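Numbered from 1 within each chain, the chains take letters A, B, ... in sequence-line order. Here the structure is a predicted model, which is why all the values come from computation and not from measurement.
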Amino acid sequence: MPNNREGTALRAYQRKLVSSYTAIYKIVRQIPYGKVATYGQVAELADLPRRARLVGYALFRVDINSDVPWHRVINAKGEISESPFRQGGDYLQRSRLEAEGIEFSPQGKINLEKDQWRS
DNA sequence: ATAGTGACTGCCG
DNA sequence: TCGGCAGCCACTA
């Protein structure tokens, strides 16, 4: 029997978080080859409306060689969201997308009309 | 407890 | 078209 309220609250919080992450990865794995989805779109499909930032955190956690196609998730403007923490990782994301046939404008943008995944 | 930060978004001037 | 900003909420020191 737990005698520490904060301990149980923390565990409940962690369970909730893990289930959110699981839901996010499940959706991201469904994005087909050659298509992209936005953070907000993934959040909505994972039943986590308006929590685009959580999707960003979830993707930050995945291993770069994971089976989760994290590189197919971009922001609502059609750009790759850069982070100071992944030096070169943003370049890897772009090269992986280009390898799937996705084209970038000279401004580094993807045409969402054409390349966004419609579930 | 709390203030600062961010792999986000949509609105507004 | 574009930058600024509030809302957002998980995470950290």
Side-chain angles (χ1 to χ4, degrees):
Chain A
M1 192 59 172
N3 60 355
N4 180 330
R5 296 182 197 211
E6 292 191 23
T8 50
L10 180 60
R11 278 192 292 281
Y13 163 75
Q14 290 171 335
R15 268 199 307 280
K16 192 180 77 170
L17 209 52
V18 166
S19 75
S20 298
Y21 285 172
T22 303
I24 289 167
Y25 298 145
K26 184 176 174 183
I27 298 298
V28 174
R29 270 193 280 259
Q30 293 171 28
I31 306 173
Y33 182 98
K35 290 287 177 183
V36 297
T38 67
Y39 294 97
Q41 180 185 3
V42 172
E44 199 159 327
L45 292 172
D47 204 24
L48 298 165
R50 296 184 299 296
R51 303 217 216 165
R53 297 193 97 127
L54 183 60
V55 176
Y57 278 108
L59 295 185
F60 179 74
R61 301 267 189 120
V62 311
D63 187 88
I64 205 163
N65 294 312
S66 143
D67 63 323
V68 178
W70 53 269
H71 58 281
R72 296 188 188 130
V73 184
I74 62 177
N75 69 31
K77 297 195 287 258
E79 303 167 324
I80 287 174
S81 290
E82 300 183 5
S83 164
F85 278 105
R86 27 171 229 174
Q87 314 179 356
D90 46 357
Y91 169 77
L92 175 62
Q93 181 167 11
R94 175 167 176 156
S95 61
R96 283 192 181 185
L97 290 175
E98 287 178 329
E100 298 190 0
I102 290 175
E103 292 175 358
F104 287 77
S105 75
Q107 297 78 29
K109 290 199 175 192
I110 292 170
N111 182 348
L112 285 177
E113 285 288 318
K114 179 165 76 73
D115 294 325
Q116 182 172 18
W117 174 41
R118 315 286 173 180
S119 54

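Residue pairs satisfying the side chain to side chain donor-acceptor pair (under 3.5 Å) criterion with at least one member in residues 18-30 of chain A, sequence neighbours excluded, are listed as follows: A:Arg29-A:Asp67. Under the salt bridge (charged side-chain N to carboxylate O under 4.0 Å, His left out) criterion, no residue pair touches residues 109-118 of chain A, with sequence neighbours excluded.
Scanning for salt bridge (Lys or Arg N to Asp or Glu O under 4.0 Å) contacts around A:Glu103 gives an empty result, with sequence neighbours left out. Taking A:Asp63 as the reference, nothing meets the salt bridge (Lys or Arg N to Asp or Glu O under 4.0 Å) condition, with sequence neighbours excluded. With sequence neighbours left out, A:Glu82 forms a side chain to side chain contact (heavy atoms under 4.5 Å, CB included) with A:Asp90. By the side chain to side chain donor-acceptor pair (under 3.5 Å) test, A:Ser95 is found to be paired with no residue, residues two or more places apart in sequence or in another chain being considered. Residues passing the salt bridge (Lys or Arg N to Asp or Glu O under 4.0 Å) test with A:Glu100, sequence neighbours excluded: A:Arg72.
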N/O to N/O distances under 3.5 Å, protein versus nucleotides 10-13 of chain C:
residue : atom : partner : partner atom : Å
C:dA10  : OP1  : A:Arg51 : NH1          : 3.0
C:dA10  : N3   : A:Tyr57 : OH           : 3.4
C:dC11  : OP1  : A:Tyr21 : OH           : 2.5
C:dC11  : OP1  : A:Arg61 : NH2          : 3.4
C:dC11  : OP2  : A:Tyr13 : OH           : 2.3

message = Does the protein touch nucleotides 8-13 of chain B at the base, only the backbone, or not at all? Give it as B, S and - per nucleotide, heavy atoms under 4.0 Å.
response = BSS---

Contact pattern, 5' to 3', of nucleotides 1-6 of chain C - B, S or - by protein heavy atom under 4.0 Å = ------

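Contact check for A:Phe60 versus A:Arg86: no side-chain heavy atoms found under the 4.5 Å cut-off.
Here A:Tyr33 is tied to no hydrophobic group at all, with no ILVMFWY side chain closer than 4.5 Å.
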What donor-acceptor contacts under 3.5 angstrom involve side-chain atoms of residues 41-57 of chain A, with partners at least two apart or in another chain?
residue : atom : partner  : partner atom : Å
A:Gln41 : OE1  : A:Thr38  : N            : 3.2
A:Gln41 : OE1  : A:Gln116 : NE2          : 2.7
A:Gln41 : NE2  : A:Trp117 : O            : 2.8

